[in-house]
Amino acid sequence: MNTLDTLPVTLDDVLKAQELLEGIITKTPVESSRALGHLVGGNVFFKCENLQRAGSFKVRGAYVRMARLTDEEKKRGVVAASAGNHAQGVAVAAKSLGINARIYMPLGVALPKLAATRSHGAEVILHGHNVDEALAEAQRYANETGAVFVHPFDNVDVVAGQGTIGLEILDQIPNVDTILMGVGGGGLLAGVAVAIKARAKELGREIRVIGVQAENAAAYPPSLAADALVPLKKVSTMADGIAVGRPGQLPFSIIRELVDDVVTVSEDSLARALIFLLERAKMVVEPAGAVGVAALMDGKIENPGNTAVVLSGGNIDPMLMLKVIQRGLSAAGRFMTVRMMLDDRPGSLATIARIIAENDANVTGLDHTRLGGSISMGDVSITINLETKGHEHGEQVLGALRAEGFQPIVVH
């Protein structure tokens, strides 16, 4: 029997989910990116789920799961756990369906995501230091009270709901060759893979489906290699939406059969991708939603052809955005912090300022101190933040300082 017909989620499940979501969600737009297309040598399109209700794709799966509850289950209410996007999706779906929702979020969750979840009417409980700990507490509460646990990815209805993105992409980009998206637990990737691979078979053509993970939260590559779930001992990434240490059993069973590849990207690559999306696409996207763009910019995808990148969410904490912008500019060679020693005498700092100005760099910050165990009497330590035009320009500035006898050390 065909593999597609024996999987726990089928194309028919995704089609039925699409019917349920009619009039509930937004059919998000697709935008082309000439700049990224020129870089990779193909046509690149963004599927803008960052413009979805509640700011991410998560409302799709959450609504399908909850709409299929019995009246008795709806009366008991639902419980979920999330770092943000699933929480908001569940809260929006619960409000639409008239269901009480309790949501566990990790301590230290981004304040905008916390406020948004509460604004949709859900009861929010802060618990644990990561999503896995919050999930365990939500499951305990469900077992204790009878509330229905709405898992963020390990559920047939949730996977089917997320898969509706695949149907929309094929409708909006009929000639698509490659589809990229982030993967944490795997619900989105599994659902889209089911829809795309089934439709591709009907059309008699190949369409690649590729997942992308942050390299410090990449549980899928070792799990796929071992053909078994391999939990990570530590997860550390700015992409909190995909910071999952253990793949979901249900999504994994689909992904290992249908997905063409899962690649990883670094934190610096993520930062560069977010800067690119802000500057060139005018898109506000959270780190988890930018991993596909990072993979393309890094050349991780060979022969991409007509490529659709799912920008899965846009719920980014403004404070995180500030840090990401600085890191992205630094990774692109457009921001540099240097430290150097100079004689503590009038005119030394003016000489440095002259060199920087003559080489067309811009000082954005300066720290000047005479104290410290490594600072000799008669010396001063200065740390300067500089705006530059790229790596080559940065090296030019450093060379000019060295030519005048200074010894700048790049610290960031």
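Sequence positions, counted from 1, serve as the residue numbers for this chain.
Among residues two or more places apart in sequence or in another chain, the ring pair (Phe, Tyr, Trp, His ring centres under 6.0 Å) test is passed with F46 by none.
Using a 4.5 Å heavy-atom cutoff, the side chains of V90 and I103 are in contact.
Under a 4.0 Å N-O distance rule, the pair K300/D261 does not qualify as a salt bridge. Salt-bridge annotation for R102 and E123: present, with a side-chain N of the basic residue lying under 4.0 Å from a carboxylate O of the acidic one. We find that D317 and K113 are not joined by a salt bridge, their nearest charged nitrogen and carboxylate oxygen being 4.0 Å or further apart. In summary, E19 and K16 do not engage in a salt bridge, as defined by a charged side-chain N under 4.0 Å from a carboxylate O. Salt bridge R208/D260: absent, no basic N to carboxylate O contact under 4.0 Å. Using a cut-off of 4.0 Å between Lys/Arg side-chain N and Asp/Glu carboxylate O, E202 and R199 are scored as salt-bridged.
A perpendicular orientation is assigned to the rings of Y104 and H127, their planes being inclined by more than 60° (bins at 30° and 60°).
Considering every non-hydrogen atom in both A239 and A288, the closest pair reads CB-N, 3.7 Å. The two residues V291 and M181 come nearest to each other via the heavy atoms CG2-C, 4.5 Å.
To the nearest 0.5 Å, atom CG of residue D71 and atom CZ of residue R76 are 12.0 Å apart. Within the model, atoms CZ of R334 and CD1 of I325 stand 10.5 Å from one another, a figure rounded to the nearest 0.5 Å. For the atom pair N362 CG and T388 OG1, the distance stands at 10.0 Å (nearest 0.5 Å). Summarising the geometry, atom CG belonging to L366 is positioned 8.0 Å from atom CD1 belonging to I356; distances are rounded to the nearest 0.5 Å. Atoms CG and CD, from L270 and E286 in turn, are 11.0 Å apart once rounded to the nearest 0.5 Å. Taken from CZ in F57 to NZ in K47, the straight-line distance is 13.0 Å, to the nearest 0.5 Å.
Taking a 6.0 Å sphere around CZ of R205, one finds it holds more than 12 heavy atoms contributed by other residues, nucleotides or ligands. Within 6.0 Å of atom CD in E358, more than 12 heavy atoms from other residues, nucleotides or ligands are found, so the atom counts as buried in its surroundings. Open room surrounds CG on N303; 12 or fewer heavy atoms of other groups in view lie less than 6.0 Å from it. In R246, the CZ atom is not crowded: 12 or fewer heavy atoms of neighbouring residues, nucleotides or ligands sit closer than 6.0 Å. In N306, the CG atom is crowded: over 12 heavy atoms of neighbouring residues, nucleotides or ligands sit closer than 6.0 Å. At most 12 non-hydrogen atoms from other residues, nucleotides or ligands lie less than 6.0 angstrom from NZ of K234. More than 12 heavy atoms of other residues, nucleotides or ligands sit less than 6.0 Å from atom CD of E215. Surrounding NZ of K75 are at most 12 heavy atoms belonging to other residues, nucleotides or ligands under 6.0 Å away.
T164 and R60 share a donor-acceptor pair across their side chains, judged by distance under 3.5 Å alone. Under 3.5 Å, the side chains of D298 and S269 contain a donor-acceptor pair of N or O atoms. A donor and an acceptor atom, one from each side chain of N216 and T237, are nowhere located under 3.5 Å apart. In this structure, a donor-acceptor pair under 3.5 Å is absent between the side chains of E49 and S56.
With hydrogens and angles ignored, the 3.5 Å screen pairs a side-chain donor or acceptor of N155 with a backbone N or O of D157. No donor-acceptor pair under 3.5 Å is formed between the side chain of D171 and the backbone N or O of L167.
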**OP:** Please lay out, stage by stage, how R118 and L114 fare under the test side-chain contact (heavy atoms from CB on, under 4.5 Å).
**Re:** CA-CA 6 Å; R118 284 177 169 156; L114 173 63; 3.8 Å; yes

